[in-house]
Amino acid sequence: MALEQWFMGPKPPGPGETPLSEDLEPGAQPCREHLWPTPPNRPAIPAESEAEDAQGPLPLASASTLSPEPLSPGSGPAPPLLPLDTMFSPIIEQLRYLLKKADDFQSYLLYSRDRVQKEQLAKAMPTFLKMCEPYFLYLEAAARSMPPIYGALQDLVRKGLLEISQQLTLRLEQLVLMYASFGFVELEETDPLSISCFFCGRFSISPTHEVSIFRYCAPAAYTASRFPRCLYKKMRWNLETISEPNSKGKDSHVDYYFLCYRDTWEETGKSPANSCAQIQKLWSIGRWVHLGPADDDLYSWILCPQPPGDYQQLLTIGFEEPSHMLATDLLVQILTGQAGSARPTVWTTQGC
């Protein structure tokens, strides 16, 4: 099939595109076959051959060396010194591979005259997003999971990994929005075939708590019924509390947190011409408050067209949207009890 052949090798960039400083050769292995440094509690990803060192400047200083410290006394000698550029080489190479595939998707959309092929690529978009998930899993887990695995250089390595994660996230968001603007992808959250959001990684903050990251391609109403009014979500975090093996009668539980903004123009009824664009959106992080039906009331769930919920505002950020990386940093501070003295606020379902 033509689409399968396309996945096997990259297409040259179209007019107006900026090629990567070093492209991968045709037949480069997909992300599941690359060998990356293994984050804690995660098995290494097998690879048939070692990836070649990426050329060009890396996002972190290559003069530094990495010497992971043992997690506890007596756990064995420290591993040999590993230069940062050597560690980051396969990670950067994989980033280039995925960015090149995104450029191929964009080139076919903009320059191909075959509408059937464009529709096939749009259908392949969820597959491409899935292909990026192992990479996101590694980046976020290696950078954020506790305990840290890079010793004294954890902050330096963390910053580099998260910047790579953010770069790929924004590129995928841009790509999905472009396909949606041509009518090939649906962004409406109520459509089961839509690509309203995509997975951006998972990490642990304790042995019994894991956080999964999702990003909405376009701001979406907080609920399908648009209550609370004027409230739109841009990111979602699923906080899963995992029951311990020796605990009886306790199942895993998931709480939902959101990066949202309140549209002050919509709230006050002001027109854009009479308002300041810099204060249109008031950003905050909050938690989903479930209002019913009861979890064990199956009959009520069947009859409920839209589960009612509220928004408990935990942190007011301001009128400037936080970066993808900063938003998750703020959530971690909230979950670990380090986020300022913001007073929680519950938004009613009858208004902003």
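Residue indices begin at 1 and follow the sequence shown.
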Query raised in the report: Is Arg96 salt-bridged to Glu93, cutoff N-O under 4.0 Å?
Result: no

Report task. Sorted by first residue and then second, give each salt bridge (charged side-chain N to carboxylate O under 4.0 Å, His left out) pair with at least one member in residues 175-186; sequence neighbours left out. Result -> none

**Report entry** Pairing residues for Ala327 by the side-chain contact (heavy atoms from CB on, under 4.5 Å) criterion, not counting sequence neighbours
**Finding:** Met235, Trp237, Leu259, Pro322

Query raised in the report: Excluding sequence neighbours, so at least two apart, what forms side-chain contact (heavy atoms from CB on, under 4.5 Å) with Ser196?
Result: Glu189, Ser194

Query - Residue of the set Phe105, Tyr135, Tyr108, Phe198 for which ring-ring contact (aromatic ring centres under 6.0 Å, His included) holds with Phe128 - result: Phe105

Requested in this report: Return the set of residues passing ring-ring contact (aromatic ring centres under 6.0 Å, His included) with Tyr222 (not counting sequence neighbours), or none when no residue passes.
Outcome: Phe258, Trp288, Tyr311

Query raised in the report: What pairs meet the salt bridge (charged side-chain N to carboxylate O under 4.0 Å, His left out) rule with one or both residues in residues 115-124, with sequence neighbours excluded?
Result: Arg115-Glu119

Report summary line: On a heavy-atom basis, the closest approach of Ile213 and His324 is CG2-CE1, 4.1 Å

Query raised in the report: Got a sec, which residues hit ring-ring contact (aromatic ring centres under 6.0 Å, His included) with Phe184, two or more places apart in sequence or on another chain?
Result: none

Query - Cluster check Leu239, Leu330: I/L/V/M/F/W/Y, side chain < 4.5 angstrom - result: yes

Requested in this report: Check whether Leu162 and Leu139 end up in the same hydrophobic cluster, where Ile, Leu, Val, Met, Phe, Trp and Tyr are linked by side-chain heavy atoms less than 4.5 Å apart.
Outcome: no

**Report entry** All side chain to side chain donor-acceptor pair (under 3.5 Å) counterparts of Asn238, not counting sequence neighbours
**Finding:** Arg236

Query raised in the report: Heavy-atom distance under 4.5 Å between the side chains of Val211 and His209, does that happen here?
Result: no

Query raised in the report: Any side-chain heavy atom of Glu321 within less than 4.5 Å of one from Tyr261?
Result: no

Query - Distance in Å, Leu172 CG paired with Leu99 CG, rounded so as to fall on 0.5 Å steps - result: 8.0 Å

Report task. Decide yes or no for Thr223 and Leu231: does some side-chain heavy atom of the first lie under 4.5 Å from some side-chain heavy atom of the second? Result -> no

Query raised in the report: Does Leu170 have any side-chain contact (heavy atoms from CB on, under 4.5 Å) partners at least two apart in sequence or in another chain, and if so, which?
Result: Gln166, Arg215

Query raised in the report: Who are the side-chain contact (heavy atoms from CB on, under 4.5 Å) partners of Leu110, not counting sequence neighbours?
Result: Gln106, Met178, Phe182

Report task. Find out if a path of hydrophobic residues (ILVMFWY) with successive side-chain heavy-atom gaps under 4.5 Å connects Ile92 to Met131. Result -> yes

Query raised in the report: Of the non-hydrogen atoms in Gly309 and Pro228, which two are nearest, and what is the gap between them?
Result: O-CD, 4.2 Å

Query raised in the report: Considering all heavy atoms of both residues, which atom of Ala143 and which atom of Arg158 are nearest to each other, and what is their separation?
Result: O-CG, 3.5 Å

Report summary line: Residues passing the ring-ring contact (aromatic ring centres under 6.0 Å, His included) test with Phe199, sequence neighbours excluded, are Phe214

Report task. Determine whether Leu129 and Leu109 fall in the same hydrophobic cluster, where Ile, Leu, Val, Met, Phe, Trp and Tyr are linked whenever their side-chain heavy atoms lie under 4.5 Å apart. Result -> yes

Query raised in the report: So which heavy atom on Tyr232 is nearest to which on Pro219, and how close?
Result: CB-CB, 4.3 Å

Query raised in the report: Considering all heavy atoms of both residues, which atom of Phe203 and which atom of Glu140 are nearest to each other, and what is their separation?
Result: CB-O, 3.7 Å

Report task. Please step through side chain to side chain contact (heavy atoms under 4.5 Å, CB included) for the pair Leu161 and Arg144, ending with a clear verdict. Result -> CA-CA 9 Å; Leu161 294 176; Arg144 297 184 183 276; over 6 Å; no

Query raised in the report: Do Lys234 and Trp283 have side chains that get closer than 4.5 Å, going by heavy atoms?
Result: yes

Report summary line: The ring-ring contact (aromatic ring centres under 6.0 Å, His included) partners of Tyr257 (sequence neighbours excluded) come to none

Report summary line: Smallest heavy-atom separation, Ile195 atom then Cys217 atom, equals O-SG, 3.6 Å

Query raised in the report: Thr208: what forms a side chain to side chain donor-acceptor pair (under 3.5 Å) with it, not counting sequence neighbours?
Result: none

